[in-house]
Amino acid sequence: MKGLPNLCVQLAPQHPNGLTLSNPVIIASGIAGYGIDYGKIADIQKLGAIICKGTTLVPKEGNAQPRLVETARGLLNSVGLENIGVDTLIGEKAPIWAGWQVPVIVNVAGETIDEYAAVASKLEGVRGISGIELNISCPNVSAGGMEFGVDPKLAAQVTSAVKAATTLPLIVKLSPNVSDIKEIALAVEGAGADAISLINTLKGMAIDIEQRRPCLGNIVGGLSGSAIKPVALYMVFEVAKATHVPVIGCGGIACAEDALEFIMAGATAIQIGTAILTNPQLGLDVLEGIDRFMRRHDIQNLTELIGVARA
Ligand SMILES: Cc1cc2nc3c(=O)[nH]c(=O)nc-3n(C[C@H](O)[C@H](O)[C@H](O)COP(=O)(O)O)c2cc1C
């Protein structure tokens, strides 16, 4: 190998400013809040990016407790987009992010197309924010969220509306709770998404047989963790084949080998969610593991590995 492996990736090649990450390892939305407390226990500045908790126009309290239940190699959550609202995010969190080296991407959620666009407009020109991830895939809210992500027309409409409201790079996050993920991916690509991330959680439930009641206060929740990795990997493979924008893989990544599978399936970058809850240092472990793999196989640029399993 001629020099150090180059792990840089470009998430928005069609955007005038681009969205260049120093490496492909991203912390998924909903796992580390706004990254600030998490930054006290993990060296976040070395990561590729951090995505904050889904953010709405006004603060939300979220769903009834209990909201988390462990399942076989997975986690069911029904948090329901509890968040501080976009104004507090701009006033209190973005000024801290502005001093960080690691780019922060804001996960945007809403109940109507106008609400999504209004949140995006408010983020316009705010220092400390490097991009928007549009959450059209949350299964845990009664209005908005996933309903936009399961209908190609609505998915395109909300993507166009947000694209018109922002000059930030726009990532659209897809739901796996559909029969044809490619159809939704093509719809949001056509409507101006700079990149596509997938997958959000799969709808699921668990029952406490002693109580004879559903375990979650909200009855239904979203399944994440290792249990969903093969589903996520397949969907990333399909979407990367069908579209021409960068794809960000997410779902059950728990080690560098998992991350490399997603990259070989066609992901330009990856997000780690649930597995961070058991190992807060996992982002850096995955980064080091990818670096070791590249050295071992004499790979100079990570981009050489993207999609190689599709050939
Ligand atoms: C507790 C929890 C909260 C989440 N909150 C959000 C959210 O606010 N917005 C979002 O787009 N995804 C959210 N997600 C989904 C994750 O970002 C990710 O897409 C999903 O968990 C699959 O990845 P994983 O298996 O690595 O966790 C949440 C997941 C969990 C477990």
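Both backbone and side-chain heavy atoms feed into the values below; hydrogens, waters and symmetry mates do not.
A distance-only check finds a donor-acceptor pair linking the side chain of Trp97 to the backbone of Tyr34 [under 3.5 Å]. Under the 3.5 Å distance criterion, the side-chain polar atoms of Gln271 are left unmatched by any main-chain donor or acceptor of Ile248. Side-chain atoms of Glu304 come within 3.5 Å of backbone atoms of Asn301 as a donor-acceptor pair (strictly under, hydrogens ignored). Gln45 places no side-chain N or O within donor-acceptor distance of the main-chain N or O of Trp100, the cut-off being under 3.5 Å. Side-chain N or O atoms of Asn177 include one that pairs as donor or acceptor with a backbone N or O of Lys203 at under 3.5 Å. A donor-acceptor pair under 3.5 Å is absent between the side-chain atoms of Asn83 and the main chain of Gly62, judged by distance alone. Between the side chain of Asn23 and the main chain of Gly48, a donor-acceptor pair closer than 3.5 Å is present. Proximity of a side-chain donor or acceptor of Thr166 to a complementary backbone N or O of Val162 within less than 3.5 Å is not detected. Counting only distance, with no hydrogens or angles, the side chain of Glu133 and the backbone of Gly54 share no donor-acceptor pair below 3.5 Å.
One distance of note links CD of Glu183 with CG of Asp180; it measures 5.0 Å at 0.5 Å rounding. In this structure, Asn17 CG and Thr167 OG1 are separated by 7.5 Å, a value rounded to the nearest 0.5 Å. With values rounded to the nearest 0.5 angstrom, Phe148 atom CZ is found 10.5 Å from Thr159 atom OG1. Once rounded to the nearest 0.5 Å, the distance linking CG of Leu7 with CG of Leu305 reads 9.5 Å. How far CD1 of Ile132 is from CD1 of Ile51: 12.0 Å, rounded to the nearest 0.5 Å. Separating the OG1 atom in Thr71 from the CE atom in Met205 is a distance of 13.0 Å, to the nearest 0.5 Å.
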Apply the test side-chain contact (heavy atoms from CB on, under 4.5 Å) to residues Ile228 and Ile199: give CA-CA distance (whole Å), side-chain angles for both, the deciding distance (0.1 Å), then the verdict.
CA-CA 9 Å; Ile228 70 169; Ile199 60 175; 3.9 Å; yes
Assess the residue pair Val247 and Phe262 against the criterion (side-chain contact (heavy atoms from CB on, under 4.5 Å)); give the C-alpha distance rounded to whole Å, side-chain angles, the decisive distance to 0.1 Å, and a yes or no.
CA-CA 10 Å; Val247 169; Phe262 277 83; over 6 Å; no
Test log, rule side-chain contact (heavy atoms from CB on, under 4.5 Å), inputs Leu4 and Arg295:
CA-CA 8 Å; Leu4 295 173; Arg295 287 169 197 266; 3.7 Å; yes
Chi angles and distances behind the side-chain contact (heavy atoms from CB on, under 4.5 Å) call for Leu174, Ser137:
CA-CA 5 Å; Leu174 303 189; Ser137 43; 5.6 Å; no
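Judged by distance alone, the side chains of Thr112 and Asp114 never bring a donor and an acceptor atom under 3.5 Å apart. With no hydrogens or angles considered, no side-chain donor-acceptor pair links Gln10 and Thr268 at under 3.5 Å. Between the side chains of Asn77 and Ser224, not a single donor N or O lies within less than 3.5 Å of an accepting N or O.
Side-chain contact between Ile90 and Leu123 is present, with heavy atoms from C-beta onward closer than 4.5 Å. Residues Leu76 and Leu223 meet the side-chain proximity criterion, which asks for heavy atoms closer than 4.5 Å. Side-chain contact between Leu11 and Asp194 is absent, with no heavy-atom pair separated by less than 4.5 Å.
Closest non-hydrogen pair, Glu238 versus Ile181, comes out as CB-CG2, 4.5 Å. Taking both residues in full, the closest heavy atoms of Ile263 and Pro24 are given as CD1-CG, 4.5 Å, listed atom of the first, atom of the second, then distance. Nearest approach of Ser78 to Leu216, heavy atoms of both residues: OG-CD2, 3.7 Å. Across all non-hydrogen atoms, the minimal contact from Lys173 to Ser29 is NZ-CB, 4.4 Å. In terms of heavy-atom proximity, Tyr116 sits nearest to Asn135 at OH-O, 2.8 Å. When all heavy atoms of Leu57 and Ala118 are compared, the pair lying nearest together is CD1-CB, 4.0 Å.
Hydrophobic clustering (ILVMFWY, side-chain heavy atoms < 4.5 Å, transitive): Leu89 and Val102 are in one cluster. In terms of hydrophobic clustering, with Ile, Leu, Val, Met, Phe, Trp and Tyr side chains grouped at heavy-atom distances under 4.5 Å, Val58 and Val119 are assigned to different clusters. Leu47 and Leu277 fall within a single hydrophobic cluster, where Ile, Leu, Val, Met, Phe, Trp and Tyr are joined by side-chain heavy atoms under 4.5 Å apart, directly or via other members. Tracing side-chain contacts under 4.5 Å through hydrophobic residues (I, L, V, M, F, W, Y), one reaches Ile96 starting from Ile105; they form part of the same cluster. Cluster membership for Leu302 and Phe237, using ILVMFWY side-chain heavy atoms within less than 4.5 angstrom, is not shared.
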